[in-house]
Amino acid sequence: MRTITPDADDFRLDGAPWYRASSDEISVFETAWRLQLPVLLKGPTGCGKTRFVAHMAHKLGLPLVTVACHEDLTASDLLGRFLILGDETVWCDGPLTTALRHGAILYLDEVVEARNDTMVVIHPLTDDRRILPIDKLGALLHAPPEFMLVMSYNPGYQSVLKELKQSTRQRFIALDFGYPSPEAELEVVVHESGLDAEQARVLVDIAARVRQLTDRGLEEGVSTRLLIHAGKLISEGIPPARACEVAFARTLTDEPDLQRAIVQVVRDFF
């Protein structure tokens with residue numbers, strides 16, 4: 001029987017993703033990779049978790065296989081499945097099996113969105129065994145030293161129905177991500193959006209004010225990603241107030257009162 005595995009070069013990054021460290025996360029991640037420890041990244045939407053993983057994959061010279069988790073994700077989606085091609089049956093590796101064969105970083109993004117029974121398949125890879133049983137093939141794969149499992153989630157979205165089980169959590173070391181410091185965020189916005197420092201600082205100050213509205217029912221504040229979006233719009237000639245309206249007020253909430261509050265914050269600066 002033939003096995004189809006995507007080529008490792010398909011998962012290598014063309015360039016080095018720029019990343020501005022906020023603490024010791026780079027050295028901790030490198031040490032975890034060297035010790036073959038899985039890593040859990042925790043933090044709000046748009047704070048740099050995915051960019052960090054891409055940066056580390058390039059820094060370590062590893063392919064990066066990313067899975068955007070969702071509630072319909074099955075074990076077969078991760079492991080692989082049999083397909084009929086012409087007159088033959090072939091096995092097509094899923095992203096987990098592909099990452100294992102190539103010694104890649106497997107990144108499970110927003111892992112709490114996946115079903116708990118699906119996550120059980122990763123357990124043998126997260127202890128000293130570092131193995132992957134594939135029952136459909138009657139095979140047992142051993143993870144090469146380079147392989148690393150990384151997961152991320154947003155603690156703010158956890159609920160009774162969507163919570164990472166302790167049996168999974170305690171297999172990982174965890175790195176906390178949050179909004180960068182004002183100076184770090186300023187550097188990120190300038191680098192990524194093309195704005196000058198003066199314009200970017202105004203956006204960072206607006207974000208700080210809007211984030212205070214979480215006390216009034218806003219689920220999450222302005223992410224660094226949204227700041228970059230607004231900065232790019234401004235760089236292309238969109239009036240700053242309008243750029244902030246579509247990037248912040250209309251994106252963060254559908255509640256009219258909260259939208260008006262965000263627009264008012266923006267008008268205080270423009």
Side-chain angles (χ1 to χ4, degrees), residues 1-19 25-26 29-41 48-111 113-115 118-127 129-153 171-172 175 192:
M1 184 189 63
R2 188 159 60 95
T3 296
I4 298 176
T5 302
D7 192 84
D9 289 339
D10 295 339
F11 301 100
R12 294 191 184 276
L13 302 173
D14 293 333
W18 186 83
Y19 177 77
E25 65 268 30
I26 290 177
F29 190 99
E30 286 181 318
T31 303
W33 172 73
R34 191 171 64 252
L35 296 175
Q36 301 180 359
L37 300 176
V39 174
L40 180 63
L41 309 180
K49 300 187 296 295
T50 299
R51 173 65 68 89
F52 171 67
V53 177
H55 175 81
M56 294 308 303
H58 188 275
K59 183 177 177 65
L60 295 172
L62 301 174
L64 174 62
V65 180
T66 299
V67 178
C69 296
H70 53 84
E71 60 185 7
D72 295 323
L73 186 72
T74 66
S76 293
D77 292 328
L78 289 177
L79 294 174
R81 50 174 48 90
F82 289 108
L83 299 176
I84 305 297
L85 294 182
D87 59 354
E88 68 172 333
T89 300
V90 301
W91 171 264
C92 185
D93 281 337
L96 175 52
T97 312
T98 297
L100 204 68
R101 293 193 197 275
H102 291 313
I105 292 177
L106 177 71
Y107 177 43
L108 302 179
D109 190 18
E110 295 298 343
V111 69
E113 297 295 330
R115 302 190 317 228
T118 302
M119 288 298 96
V120 171
V121 302
I122 71 170
H123 283 188
L125 284 169
T126 55
D127 55 32
R129 294 173 293 172
R130 283 174 57 90
I131 58 174
L132 179 65
I134 305 180
D135 294 337
K136 291 181 179 179
L137 290 177
L140 182 65
L141 301 184
H142 291 264
E146 299 82 9
F147 172 81
M148 184 179 196
L149 179 61
V150 181
M151 306 196 312
S152 74
Y153 76 99
R171 295 171 178 270
F172 291 76
L175 288 171
E192 296 291 303

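Bear in mind the structure is a predicted one, so any value in this text is a computation, not a measurement. For the single chain, residues carry numbers from 1 onward in sequence order.
- No donor-acceptor pair under 3.5 Å is formed between the side chain of Arg51 and the backbone N or O of Tyr19.
- Here the closest heavy-atom approach between residue Gln36 and residue Pro145 is recorded as NE2-CA, 3.4 Å.
- Side-chain N or O atoms of Thr5 include none that pairs as donor or acceptor with a backbone N or O of Thr98 at under 3.5 Å.
- Remark: side-chain polar atoms of Arg171 are not paired, donor with acceptor, to backbone N or O of Pro124 under 3.5 angstrom.
- Across all non-hydrogen atoms, the minimal contact from Ser152 to Asp109 is OG-OD1, 2.8 Å.
- Summarising the geometry of Leu106 relative to Pro95, their closest heavy-atom pair is CD1-O, 3.8 Å, with the distance given to 0.1 Å.
- Across all their heavy atoms, Leu79 and Trp91 have their closest contact at O-CZ2, 3.6 Å.
- Here Glu30 pairs with Lys59 under the salt bridge (Lys or Arg N to Asp or Glu O under 4.0 Å) rule; sequence neighbours left out.
- For Arg130 (side chain) and Phe147 (main-chain N/O), a donor-acceptor pair under 3.5 Å exists by modelled atom type.
- Looking only at distances, no side-chain donor or acceptor of His55 sits under 3.5 Å from a matching main-chain atom of Ile26.
- Contact between Leu64 and Ala57 at its shortest, heavy atoms only, is CB-CB, 3.9 Å.
- Side-chain contact check for Asp77 versus Thr74: some heavy-atom pair is nearer than 4.5 Å.
- The two residues Lys136 and Ser76 make their nearest non-hydrogen contact at NZ-OG, 2.9 Å.
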